[in-house]
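All chains are named by letter (A, B, ...) in the order of the sequence lines, taking the proteins before the strands, and each is independently numbered beginning at 1.
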Amino acid sequence: MPELPDVQIFKEYLDATALHQRVAEVLACQGSLLEDISCPALARRLTGNALTVTARHGKNLFARIGDGGYLVMHFGMTGFLRYFKDRDKSPEHTRLLLRLHNGYFLAYVCQRKLGRIGLADSLEDYAEKKQLGPDALELSRDPDAFVGRLQGHRGALKGLLMNQKVIAGFGNIYTDEVLFQAGLHPKRSAGELSDPQRRSLAATGRHVLETAIEHRVGEKGWPGNWLLPKRRKGQKCPRCGRAIERITVSGRAGYYCPGHQR
DNA sequence: TTCCATGTTCCGCA
DNA sequence: TTGCGGAACATGGA
């Protein structure tokens with residue numbers, strides 16, 4: 001689930017729940033998910049402080065610790081946050097569990113352990129360290145910058161959009177949706193696109209991301225004319241009725257409509 | 001049992 | 001040297 005729209009919703013969830021609540025105790029910590037810090041060191045850093053401000057860059061969620069640096073959370077393929085009052089309701093696969101001064105708990109849950117938790121002095125430092133490209137939502141709102149960012153690449157469009165070093169935020173799911181709505185084949189070479197086509201791709205990307213966030217489509221179900229609810233081989237394309245096909249592009253499964261994506 | 005899955009990283013090839 | 005694509009990683013459900 002956790003691509004840019006999902007992480008934006010996690011951010012809003014954290015803002016509405018655990019934000020400003022001081023951490024009383026770190027009750028669980030999976031060391032293998034931590035980047036460049038130990039569990040005891042992380043616990044020392046968090047205990048007695050509150051998460052005060054949140055931010056997001058691509059698929060990374062940042063939460064400022066007191067007035068110091070940031071806790072950085074990446075959710076892998078299966079991560080999410082949960083805020084709850086009864087410790088017995090602690091979700092399975094909780095990898096970091098905070099007890100807060102108001103008696104509630106905040107859990108970072110990650111079944112497949114592909115997520116990461118770390119610290120950063122600033123968003124800029126972290127983005128540089130991870131070589132992250134500009135945030136996809138911000139970049140798509142600036143069509144000229146988006147066009148410039150895509151120039152000079154010649155690989156498959158799907159791989160390009162999923163490359164976090166080029167643009168941070170699109171994953172496998174939403175890349176399929178953007179290319180579907182843009183009418184572009186996932187294997188189409190990025191180098192073949194004209195600048196007007198790149199500009200149009202920015203508008204489609206912006207529309208998909210904003211719609212997904214505003215309507216919480218990941219939770220509530222996707223619009224019927226989107227690819228995502230039909231993202232299985234043999235389903236009918238909601239635009240032209242052709243059968244959806246599955247191909248492998250840049251090492252990932254891609255679903256597309258051979259009728260109108262070229 | 002085998003395959004597949006919304007994540008990133010690493011390695012080999014051109 | 002750089003860009004691209006595939007394999008590997010950890011875990012569990014179909």
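Using a 4.0 Å heavy-atom cutoff across all strands shown, A:R95 reaches no nucleic acid atom at all. Here A:R154 lies in heavy-atom contact (under 4.0 Å) with sugar-phosphate atoms only. Among the atoms of the strands shown, only primed sugar atoms or phosphate atoms (P, OP1, OP2) are found under 4.0 Å from some heavy atom of A:G171.
Counting to the nearest Å, the P atom of B:dT8 and the CG atom of A:L4 are 11 Å from each other. One can place NZ of A:K113 at 16 Å from C1' of B:dG7, the figure rounded to the nearest angstrom. The CE-C1' distance, from A:M73 to B:dG7, rounds to 16 Å in whole Å. In this structure, CG of A:L33 is placed 15 Å from P of B:dT8, rounded to the nearest angstrom. Distance, A:L161 CG to B:dT8 P: 13 Å, rounded to whole Å. With rounding to whole Å, A:I247 atom CD1 is found 12 Å from C:dG5 atom P. The interatomic distance linking A:K158 (NZ) with C:dG3 (P) rounds to 21 Å, in whole Å. The interatomic distance linking A:N172 (CG) with C:dG6 (P) rounds to 13 Å, in whole Å.
Place A:H153 and A:L114 on DNA chain C by their nearest nucleotides, and A:H153 ends up nearer the 5' end.
Side-chain atoms of A:Q164 come within 3.5 Å of backbone atoms of A:G169 as a donor-acceptor pair (strictly under, hydrogens ignored). Under the 3.5 Å distance criterion, the side-chain polar atoms of A:H260 are matched with a main-chain donor or acceptor of A:F180. Of the possible polar contacts, none joining the A:Q261 side chain to the A:G259 backbone as a donor-acceptor pair under 3.5 Å is found.
For the C1' atoms, the distance linking C:dG12 with B:dT9 amounts to 22 Å, nearest Å.
In a base pair of the Watson-Crick type (N1 to N3 plus N6-O4 or O6-N4) or a G-U wobble (N1-O2 and O6-N3), with each distance short of 3.5 Å, B:dT1 is matched with no nucleotide. The partner of C:dA10 is absent, by the rule that a Watson-Crick or G-U pair needs both atom distances under 3.5 Å.
Taking the six-membered ring for Trp and the full ring otherwise, A:Y83 and A:Y104 have centroids separated by under 6.0 Å. The six-membered or imidazole ring of A:Y70 lies away from that of A:Y126, with a centre-to-centre distance of 6.0 Å or more.
The salt bridge (Lys or Arg N to Asp or Glu O under 4.0 Å) with A:D176 is formed by just one residue from the set A:R232, A:R246, A:R231; it is A:R231.
Of the candidates B:dT9, B:dA5, B:dT8, the closest approach to any side-chain atom of A:K165 belongs to B:dT9. Residue A:K130 has its side chain nearest to B:dT9 when only B:dG7, B:dT9, C:dT11 are considered. Among C:dT11, C:dG5, B:dA5, the nucleotide with an atom closest to any side-chain atom of A:A253 is B:dA5. Nearest nucleotide to the A:S250 side chain, out of B:dA5, B:dT9, C:dG5: C:dG5. In the set B:dA5, B:dT8, C:dG12, the nucleotide with an atom closest to the side chain of A:R246 is B:dA5.
Side-chain N/O atoms of A:Y255 include one lying less than 4.0 angstrom from OP1 or OP2 on B:dA5.
Looking at A:R252, its side chain comes within 3.5 Å of the base of B:dG7 through a donor and an acceptor atom.
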